[in-house]
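Down below is the structure, laid out as structure tokens.
The model shown is predicted, which means the values in this text are computed figures rather than measured ones. Numbers restart at 1 for each chain; the letters A, B, ... are given by sequence-line order, proteins then strands.
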Amino acid sequence: MIEVENLTKEYGEFRAVDNISFSVEKGEILGFLGPNGAGKTTVMRILTCFFPPTKGRAIVAGFNCFEDSLNVRKRIGYLPERVPLYEDMKVSDYLRFVAAIKGTPAKEVKRQVEKVMDDCSLSDVSNKLIKAVSRGYRQRVGIAQALVNDPEVLILDEPTVGLDPKQIKEIRKLIKDLAGRHTVILSTHILPEVSILCGRVIIINKGKLVAVDRPENLAAEGSRRMFLRINGNAPAIEQALSRMAGVKSVERELTAGEDNGFVVVFDDEKQGRQGIHSMIENNRWELLEMRTMEASLEDIFIKLVTKEEA
Amino acid sequence: MNYRNIFLILGRELKSYFGSLTVYVVIIMFLLMTGYFFYNLLATFSIVSFQAQTDPMLAKQYQMLNINETVIRPLFGSIGIILLLMVPLLTMRLFAEEKKTGTIELLLTFPINDVDVVLGKYLACLVVLLTMILLTATYPILLIALGEPEVVPIATGYLGLVLLGAAAISLGIFTSSLTENQIVSASMTFGILFFFWLISYSVPLVSAGLGQFLSYLSINDHIESMSKGVVDTEDIIYYLCFIALFLFLTLRSLETKRWR
């Protein structure tokens, strides 16, 4: 549905996006992850035909974003990061305007608008001026205008920013329900959001592609870590652990004033686990706690991003 | 070009114009200023006419005393100049505001051509201008009710005012597309209009050929003959070219936005 090849965008000397390629299948929700200023918005603006790339090409729904921009624009719904709406219009008037300008036949406009207002729970504010509604409603009006006219591709730039937890939940459910029928690209710097919503994640940093994978695969990458709490002579334990086969590294972790916590990273998890048991028995230490540490996307994100910088 | 899209943009812009206080203030100020000129011109005319009845010398001097020449023509001249003052205030928001608030990002990613956007906005501002000009019709209507002015010069004079205003709007929409600051747009529009307005001042200073060219460029020289009742195609072509040029530049300016 979306093909991006060697995309590069320069603003004068500054290279905002550097040779990025990826593709998105129909019906997929793709997460776009990166720190602020990583180039997420720039990629989205190219995909929505707001401006063309310096190099490379982007194809959306079979049309080139630069050469066939009108055909692309007919098939996308876009929520820009700042949610720029016409403040002096009423919610329903605004949505009617957007529906019509997106080419909805006049007879269909009313039905379309009612549908998106229903989907985004906007009926309560339909007669209010956009400048008078709360942040959460505003964000939902932004999403509603992207959804109106049922576009094949949705491009949402930080759709849940500035919402309260309940609203975030609602919006996430709304986006989740779109998968299958619509192809969605959403950008965020909230990592749990990606694990909840997205089938696949792209991590970019400083304009470069750092990783593309499923969120659970990315999470699995760093999971061969274990936390141990052992009663005994801490330096001796640390030494014994680090000498063991299958263990890559050991770190002391000081928790709540106790110095008997260790984080073990394995090369070979099976071999390492066995070694630990016999080691504790042989030394007559006391095992207080043992658990696998699930690496969060935060860890992976920081790891990938810092690896890139090193 | 897609008429439906032009109409949609036009409708939204009009709602935005008449939904805000600005337009009403501009229209009221415009009417106050033009009304002031009208009152003074008419009062002077009536005093002079009254005195001429008793003073044969004065009557001879003012043989040409005629309401079209002494009230209507100068009135159209003043309305034209006041229009040049007010138009920048109407046009400045057209693109600058959308850029400031970021709505331009959605507008330019909707499936519509830039031409439709520019024409929709242009026509919306033109509707406001026509409203303003139409409201000044009270002055000639009063004159027709009270006296016997010639109607043709009034009609052609209005044609001239509409063309002048339409030209000024095209310049205004262009400067608005260059910046996200409305004040910058208004200043540029007024500055350039001022130049086109007073360009004929430098005619005596330059060679005859250049002088003729400069006076052809002058934006309000072209309504002179129209307020006398003479419609010259040359004048109409001037305004149409002016409008076409600046609308074209506006389109180009939007296009380069996409490139940056």
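A donor-acceptor contact shorter than 3.5 Å links the side chain of B/Arg4 to the backbone of A/Ala100. Proximity of a side-chain donor or acceptor of A/Arg73 to a complementary backbone N or O of B/Thr109 within less than 3.5 Å is not detected.
Only the side chain of A/Arg45 has a heavy atom closer than 4.5 Å to any heavy atom of chain B. Of the two parts of B/Thr101, only the backbone, made up of N, CA, C and O, holds a non-hydrogen atom closer than 4.5 Å to a non-hydrogen atom of chain A. Contacts of B/Glu97 with chain A are absent, with no heavy-atom separation under 4.5 Å from either backbone or side chain. If you measure heavy-atom distances from A/Gln145 to chain B, the contacts under 4.5 Å come from the side chain alone.
When all heavy atoms of B/Ile104 and A/Phe50 are compared, the closest pair comes out as O-CE1, 4.1 Å. Summarising the geometry of B/Ile9 relative to A/Ile101, their closest heavy-atom pair is CD1-CD1, 3.7 Å, with the distance given to 0.1 Å. Of all non-hydrogen atoms in B/Lys100 and A/Arg82, the two that sit nearest each other are O-NH2, 2.8 Å.
Residue with the most contacts toward chain A among B/Leu107, B/Thr103, B/Asn5: B/Thr103 (heavy-atom pairs, distance under 4.5 Å). When each of B/Asn113, B/Asn2, B/Leu8 is checked for heavy-atom pairs under 4.5 Å with chain A, B/Leu8 comes out on top.
Interatomic distance, B/Lys15 NZ to A/Asp93 CG, rounded to the nearest 0.5 Å: 4.5 Å. Atom OH of residue A/Tyr94 and atom CZ of residue B/Arg12 lie 9.0 Å apart, to the nearest 0.5 angstrom. Rounded to the nearest 0.5 Å, atoms CG (B/Leu108) and OG1 (A/Thr48) are 10.0 Å apart.
Around the CD atom of A/Glu108, the shell of radius 6.0 Å holds more than 12 heavy atoms that belong to other residues, nucleotides or ligands. Crowding of B/Tyr36 atom OH: a count of heavy atoms from other residues, nucleotides or ligands under 6.0 Å not exceeding 12. Surrounding CZ of B/Phe7 are at most 12 heavy atoms belonging to other residues, nucleotides or ligands under 6.0 Å away.
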